[in-house]
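Position 1 is the first residue of the sequence, and the numbers go up from there.
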Amino acid sequence: MRLKYLLIAGLMFGAASAHAGETTYIFEGSMDSLYGYSDVSERFEKKDNNNHWLNNFYLNLGVEHEFNDTYKLGVYVDLMAGIDKEIDNFNNGSWGQEVYTTLDTPFGQLAAGETYNVAAQFHTGAPEVGALGINNSDIVDFISNPNWTRKKHKTSFETLNSTAMNTDGVSAKINYITPEIYNTLLGITYVPDSYDRRGLINKYARYASDDAFIAALYNETDLGFADMAVSAGYGVYHRDDKEFTVGMSLSRGGWTLGGSFRKTYVDGDDYTVTETSDNPRLPDLFDNYREGKAWDIGLSYEIGPYEVSLSYFKSKADNTSNEDEIIMLSNKYQVDKNIDIYLTAAHVDFEGNNNSVADNNQGYAFVTGLSISF
């Protein structure tokens, strides 16, 4: 980890001391403030507060230096904070950061630091409108999902929470993306240490510090009647864990139709899924996501400052009864370039490996709020 920060510091010095070209500084941020009312089934009433208010804060800093028309170096620091989140998906607790650098050349882009892998960056699927999202959805801030838990002393994902490959979160890594070839980008990622608080891995798992390799592609094609985007990714974690994602979207006018699929499986016996744990820091089935599937589909429409989407997300474990379903209607209205207003209605059905109240949840959530950016 020390080498990573030395590398970034050196690149920052190089960018600051360059004598030729043009340097640009980035300073921008935003705040999401959301209020939600939930109405869960009667047997789950004691699990969630009917009224919930949360706030997320983002600050993005960076410096970019263009040496000439073909070479550009960028160093970025993205800071995040959240208040009253059900799932604490910012790294380092409620506070988080991404620190990374990119180098654009005629031979492609090289990136190093805390950022998403190439499969996650290329991901295409159900269109997302508003502040909650259908993948890795913040709807669980308003209706909790027992299958997805990330607290200070407990991390457990008994199902996948996204069709994007988010297992390693924004752990430190190296990405390479080729130049565009026939409307197609190819990318590879090496992750020396897969654990990250924004990923799915419990830091006490025996394989938490193992590496990972990811490859992905992204293509855009004009079909005449619509613009099509396609993505695909394949990853290998801890040698035995394999996963792949595919997604596609079609856009015409203000309409976008999209969907995606993700599959994970264990191909080996080095680390099997933990059905019954003998470690108090590792709950039963905490890594059940390693054998499962997830898919989404959605339709959105945009006209002027208004956007609306209807999306569906489903995830299931292969060997247990755990599964999740989210149906979401989201609206966004852009008041001006700095203010967006959101209104979302969602129905969720979260099922555990048994019929207990603790392992299940079901109901509706209605969320409104705004985003202010600068």
Side-chain angles (χ1 to χ4, degrees), residues 1-12 14-15 60-62 64 72-80 89-92 95-105 107-124 135-136 150 155 157 160-179 185-203 205-218 231-245 247 262 264 271 287 289-290:
M1 297 297 288
R2 181 178 299 177
L3 177 62
K4 176 192 69 175
Y5 289 111
L6 289 174
L7 171 64
I8 293 173
L11 290 173
M12 291 182 69
N60 303 322
L61 309 173
E64 297 176 340
K72 182 174 75 172
L73 178 69
V75 180
Y76 309 92
V77 179
D78 299 335
L79 305 175
M80 295 145 277
N89 58 6
F90 296 138
N91 47 333
N92 300 331
W95 296 89
Q97 81 287 320
E98 297 173 32
V99 182
Y100 58 100
T101 183
T102 63
L103 178 64
D104 293 296
T105 78
F107 311 103
Q109 182 191 79
L110 185 66
E114 297 168 329
T115 186
Y116 289 100
N117 64 59
V118 290
Q121 292 186 33
F122 288 173
H123 177 71
T124 301
N135 280 287
N136 196 15
R150 186 187 285 108
T155 296
F157 286 89
L160 292 167
N161 68 344
S162 175
T163 56
M165 198 177 298
N166 64 339
T167 301
D168 53 289
V170 293
S171 60
K173 56 180 60 72
I174 298 173
N175 289 339
Y176 169 70
I177 299 174
T178 66
L185 296 174
L186 302 175
I188 55 174
T189 294
Y190 174 64
V191 188
D193 184 343
S194 299
Y195 168 74
D196 179 69
R197 192 171 172 84
R198 294 174 73 182
L200 304 181
I201 300 172
N202 188 308
K203 69 178 178 180
R206 291 179 298 161
Y207 49 78
S209 60
D210 286 354
D211 59 5
F213 298 87
I214 298 101
L217 68 83
Y218 177 82
S231 65
Y234 179 77
V236 179
Y237 293 83
H238 339 301
R239 297 180 301 277
D240 288 349
D241 285 19
K242 313 293 174 58
E243 54 183 284
F244 65 87
T245 65
R262 179 183 180 189
T264 59
Y271 306 110
D287 57 355
Y289 72 88
R290 295 166 58 207

Within this structure, what is the NE2-OG distance for the pair H238 and S209, rounded to the nearest 0.5 Å? 10.0 Å

Set of residues satisfying side chain to side chain contact (heavy atoms under 4.5 Å, CB included) with respect to T264, sequence neighbours excluded: L160, E243, R262

With rounding to the nearest 0.5 angstrom, report the CD to OG1 distance, Q121 to T189. 7.0 Å

Any N202 side-chain heavy atom under 4.5 Å of D287 side chain: no

Among side-chain atoms of D168 and N117, is any donor-acceptor pair under 3.5 angstrom? yes

Spatial distance of atom CZ (R150) from atom CZ (R197) [nearest 0.5 Å]: 7.0 Å

With A232 via side chain to side chain contact (heavy atoms under 4.5 Å, CB included) - residues at least two apart: L217, V246

Looking at residues at least two apart in the chain, or sitting in another chain, which of them share a salt bridge (Lys or Arg N to Asp or Glu O under 4.0 Å) with K203? none

Would you say I177 and F122 make side-chain contact, with heavy atoms under 4.5 Å? yes

Would the distance check show the side chain of T101 and the main-chain N or O of G74 forming a donor-acceptor pair, the cut-off being under 3.5 Å? yes

According to side chain to side chain contact (heavy atoms under 4.5 Å, CB included), who are the partners of T105, at least two apart in sequence or on a separate chain? Y71, L103, F107

Side-chain heavy atoms of R198 within contact of E98, under 4.5 Å: yes

Pi-cation contact, Y207 with R290 (under 6.0 Å, within 45°): yes

On a heavy-atom basis, which atom in F157 and which in G199 lie closest, and how many Å separate them? CE1-O, 4.0 Å

Counting the benzene-type ring for Trp, do F244 and Y234 have ring centres under 6.0 Å apart? no

Where R239 and K242 come nearest, the two heavy atoms and their spacing: O-CE, 3.3 Å

Would you say Y289 and I201 make side-chain contact, with heavy atoms under 4.5 Å? yes

Nearest-0.5 Å distance, CG of residue N60 to OH of residue Y76: 11.0 Å

D104 side, atom CG; L73 side, atom CG - distance, nearest 0.5 Å: 9.0 Å

Just verifying a value: how many Å separate L200 CG and Y237 OH, rounded to the nearest 0.5 Å? 8.5 Å

When N166 is tested against each of N161, N136, T245, N135 for side-chain hydrogen bond (donor to acceptor under 3.5 Å, both in side chains), which residue passes? N161

Check for a donor-acceptor pair, side chain of S194 on one end and backbone N or O of D210 on the other, with a separation under 3.5 Å. yes

Given side chains that start at C-beta, do those of V170 and Y100 come closer than 4.5 Å, heavy atoms only? no

Is any side-chain heavy atom of Y116 less than 4.5 Å from a side-chain heavy atom of M165? no

State, to 0.1 Å, how close L185 and P179 come at their nearest heavy-atom pair, and which atoms those are. CD2-C, 3.9 Å

If I compare all heavy atoms of G233 with all of A119, which pair ends up nearest, and what's the gap? CA-CB, 4.1 Å

Out of V236, V191, N175, T167, which one pairs with I214 under the side chain to side chain contact (heavy atoms under 4.5 Å, CB included) rule? V191

Can you name the salt bridge (Lys or Arg N to Asp or Glu O under 4.0 Å) partners of R206, sequence neighbours left out? none

Using side-chain hydrogen bond (donor to acceptor under 3.5 Å, both in side chains) as the criterion, list what pairs up with Y190, not counting sequence neighbours. D211

Do H123 and T163 get their side chains close enough for a donor-acceptor pair, meaning under 3.5 Å? yes

Contact check, side chains of E114 and D196, non-hydrogen atoms, under 4.5 Å: no

